[in-house]
Participant: 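Attaching a single structure in C-alpha cells format; questions to follow.
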Amino acid sequence: MRLGVISDGISRDVRAAAETAKSAGLTDIEYQYLWEYEVGDLPLARRREVRAITADNGLRVSCLSRHIFARQPVQVEADSHEYREQMNALARCIEFAHELGTDIVRMMSCRRETILFGGGGAEHWVVANHAWGKLQALMEAPLELAARENVKLVIETGNGTMVNSAYTMSKLIDDLGARGRLFALWDPCNTLYCGEPPTPDGLNFLADGKIGHVHIKDAVVEPARASVTFCKLGEGHMAPHLQAIADGLREHNYAGSVSLESTYRPPGGGFADGFHESMPLFVRLYG
C-alpha cells in the first residue's frame, strides 16, 4: 500500500500541505480543496501551480475528491440544470486528473434517503420506494463518462449520502453490473455511524477488488446523540479495527493508496497538529 494524506486536512495552502506530506515521508497526496477553490474549479494558472508543487515535492496524486452529487436529492432529473452542473464538475475533475497523472476521481451518491429496503408492510409506511433504482439510473452517465475518459470512478461511503456503508457500496456495484468500472472509496470510520462494523463486515462486503481508495481517520461516534467527535488515530471507536483493516487489505492484495484524513484538531492546536499526532500509528499500521 502507498500512504498519503488529503491535502486540506493539513492546509488549503497547497505548497504548505505538500511540503508537510513530503517531510512526513508520505508518497501520495489527495486533492479536495486547494486555496479558495474546490478541486475542478481552479483556473489554468493555479492548475499549473498545483502540478509544479506536486512534482517539486516528489509526490504522486492518488485521487481527486469532489463532493459531486453529495447535496443532490435522488429525485433530481437527469435532464435538469442541477444534474448537468454536477456532470460538468465531474468532467472538469477528470480533465484535471489527467493533467496530474491520476486515474482515480471521487464522487458521492446523492443526499441520503434513510430507509431504502424493507418488507412486511414497511414498504408501505417507511421505505423510500424506487429511490435505489433512481440512484442507479443517475449513476449511468458518470460511469459512461469515466469509461470514455479511462478513469476509475470511486464513490465514498459517506454519512449523508445514499451509499453510507460497504454493504450498499457493494450492492450498487453489483446491481449496476459495474464491477471493474465502479469502485468504493472506503471510509470505514464513516460507516460506524450507520452501525456497520468495518471488520469483518466492511472488508468482506468489499472483497474481490471492489476497493479503489481508502480514507483512514478516528472518531467517537454516537448516532443516538447525532454526534461525532474526531480524535487522534487509535483513541476512538476505530481503535479495535485499525490493525484488522491493515491486515485485511494486505490479505486482499490491495495495492492502492490509503489517505490519512486529517480531520482531528487537538485542543489549542490546528489540523496540522492533529496530522502529526496521528501519523506515527498510521505509518506503523499501513506502511
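All of these numbers come straight from a predicted model, not from anything done at the bench.
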Participant: Are T102 and Y31 close enough that a side-chain donor and a side-chain acceptor fall under 3.5 Å?
Facilitator: no
Participant: Side chains of K210 and M169: does their closest heavy-atom pair fall under 4.5 Å?
Facilitator: no
Participant: In Å, rounded to the nearest 0.5 Å, how long is the span from NE2 of H215 to CG of D187?
Facilitator: 6.5 Å
Participant: Under 3.5 Å, is there a donor-acceptor pair between the E113 and Q75 side chains?
Facilitator: yes
Participant: Taking E144 first and then R181, would you say they form a salt bridge - that is, a charged N and a carboxylate O separated by under 4.0 Å?
Facilitator: no
Participant: Say whether, by atom type as modelled, one donor and one acceptor occur between the side chain of E38 and the main chain of H67 under 3.5 angstrom.
Facilitator: yes
Participant: Considering non-hydrogen atoms only, spot the tightest contact between R111 and P73 and give its length.
Facilitator: NH2-CB, 3.7 Å
Participant: Apply side chain to side chain contact (heavy atoms under 4.5 Å, CB included) to the pair L206 and S170, showing each step before the final yes or no.
Facilitator: CA-CA 6 Å; L206 295 174; S170 179; 4.3 Å; yes
Participant: Is there a path of hydrophobic side-chain contacts, each under 4.5 Å between heavy atoms, that joins I6 and M238?
Facilitator: no
Participant: Are L26 and I104 grouped together when hydrophobic residues (ILVMFWY) are joined by side-chain heavy atoms under 4.5 angstrom apart?
Facilitator: no
Participant: For residues A166 and E196, report the shortest heavy-atom separation together with the two atoms involved.
Facilitator: N-OE1, 2.7 Å
Participant: Quick check: do E49 and I53 have side-chain heavy atoms less than 4.5 Å from each other?
Facilitator: yes
Participant: Less than 4.5 Å apart, any side-chain heavy atom of S259 and any of S62?
Facilitator: yes
Participant: Does a side-chain heavy-atom distance below 4.5 Å link K232 with D218?
Facilitator: no
Participant: Taking atom CG of L59 and atom CZ of R2, what is their separation to the nearest 0.5 Å?
Facilitator: 12.0 Å
Participant: Below 4.5 Å, heavy atoms only, C-beta onward: do N159 and N164 meet side chain to side chain?
Facilitator: no
Participant: Please report the closest heavy-atom contact between L185 and S65, naming both atoms and the distance.
Facilitator: CD1-OG, 4.3 Å
Participant: Can you list everything that forms a ring pair (Phe, Tyr, Trp, His ring centres under 6.0 Å) with F205? Sequence neighbours excluded, please.
Facilitator: Y167
Participant: Are the side chains of V50 and W35 in touch, meaning some heavy atoms are under 4.5 Å apart?
Facilitator: yes
Participant: One thing to verify: whether E19 and K22 come together as a salt bridge, which I'm taking to mean a side-chain N less than 4.0 angstrom from a carboxylate O.
Facilitator: no
Participant: Atom CD of E261 and atom CG of D8: how far apart are they, to the nearest 0.5 Å?
Facilitator: 8.5 Å
Participant: Taking all heavy atoms of A178 and all of L143, pick out the closest pair and write down the distance.
Facilitator: CB-CD1, 4.1 Å
Participant: By the definition side chain to side chain contact (heavy atoms under 4.5 Å, CB included), identify the one residue from V39, I94, V154 that meets it with V105.
Facilitator: I94
Participant: Any chance NZ of K134 has more than 12 other-residue heavy atoms, nucleotides or ligands included, within less than 6.0 Å?
Facilitator: yes
Participant: Could you tell me whether a side-chain N or O of R84 sits under 3.5 Å from a main-chain N or O of D79, the two making a donor and an acceptor?
Facilitator: yes
Participant: Where do M107 and M139 land on the side chain to side chain contact (heavy atoms under 4.5 Å, CB included) test, with the steps shown first?
Facilitator: CA-CA 10 Å; M107 57 181 282; M139 294 298 103; 3.5 Å; yes
Participant: Quick check for you: to the nearest 0.5 Å, what is the distance between F271 atom CZ and R12 atom CZ?
Facilitator: 10.0 Å
Participant: Are H98 and V151 packed together at the side-chain level, in the sense that at least one heavy-atom pair is separated by less than 4.5 angstrom?
Facilitator: yes
Participant: Could you tell me whether R179 and D174 have a side-chain N and a carboxylate O separated by less than 4.0 Å?
Facilitator: yes
Participant: Which pair of non-hydrogen atoms, one from L116 and one from A131, has the smallest distance, and what is that distance?
Facilitator: CD2-CB, 4.1 Å
Participant: Do the side chain of H213 and the main chain of S257 share a donor and acceptor less than 3.5 angstrom apart?
Facilitator: yes
Participant: CG of L3 to CG of L260: how many Å apart, nearest 0.5 Å?
Facilitator: 9.5 Å
Participant: With a 4.5 Å heavy-atom cut-off, do R60 and T27 have their side chains touching?
Facilitator: no
Participant: Counting N and O atoms only, with roles assigned by atom type, does the side chain of Y254 sit under 3.5 Å from a partner on the main chain of G248, one being a donor and the other an acceptor?
Facilitator: no
Participant: For I155, does its backbone N or O pair with a side-chain atom of R106 as donor and acceptor, under 3.5 Å?
Facilitator: no
Participant: Under the ring pair (Phe, Tyr, Trp, His ring centres under 6.0 Å) rule, collect the residues that match up with Y83, sequence neighbours excluded.
Facilitator: F69
Participant: If hydrophobic clusters are built by linking Ile, Leu, Val, Met, Phe, Trp and Tyr wherever their side-chain heavy atoms come under 4.5 Å apart, do L233 and V228 end up in the same one?
Facilitator: yes
Participant: For L135 versus S109, what's the shortest heavy-atom pair and its separation?
Facilitator: CD1-O, 3.5 Å
Participant: Could you state whether L242 and V283 fall into the same hydrophobic cluster, counting links through intermediate Ile, Leu, Val, Met, Phe, Trp or Tyr residues with side-chain heavy atoms under 4.5 angstrom apart?
Facilitator: yes
Participant: Between atom CE of M162 and atom CG of L138, what is the distance when rounded to the nearest 0.5 Å?
Facilitator: 9.0 Å
Participant: Ignoring hydrogens and angles, tell me if any N or O in the side chain of N204 forms a donor-acceptor pair with the backbone of P200 under 3.5 Å.
Facilitator: yes
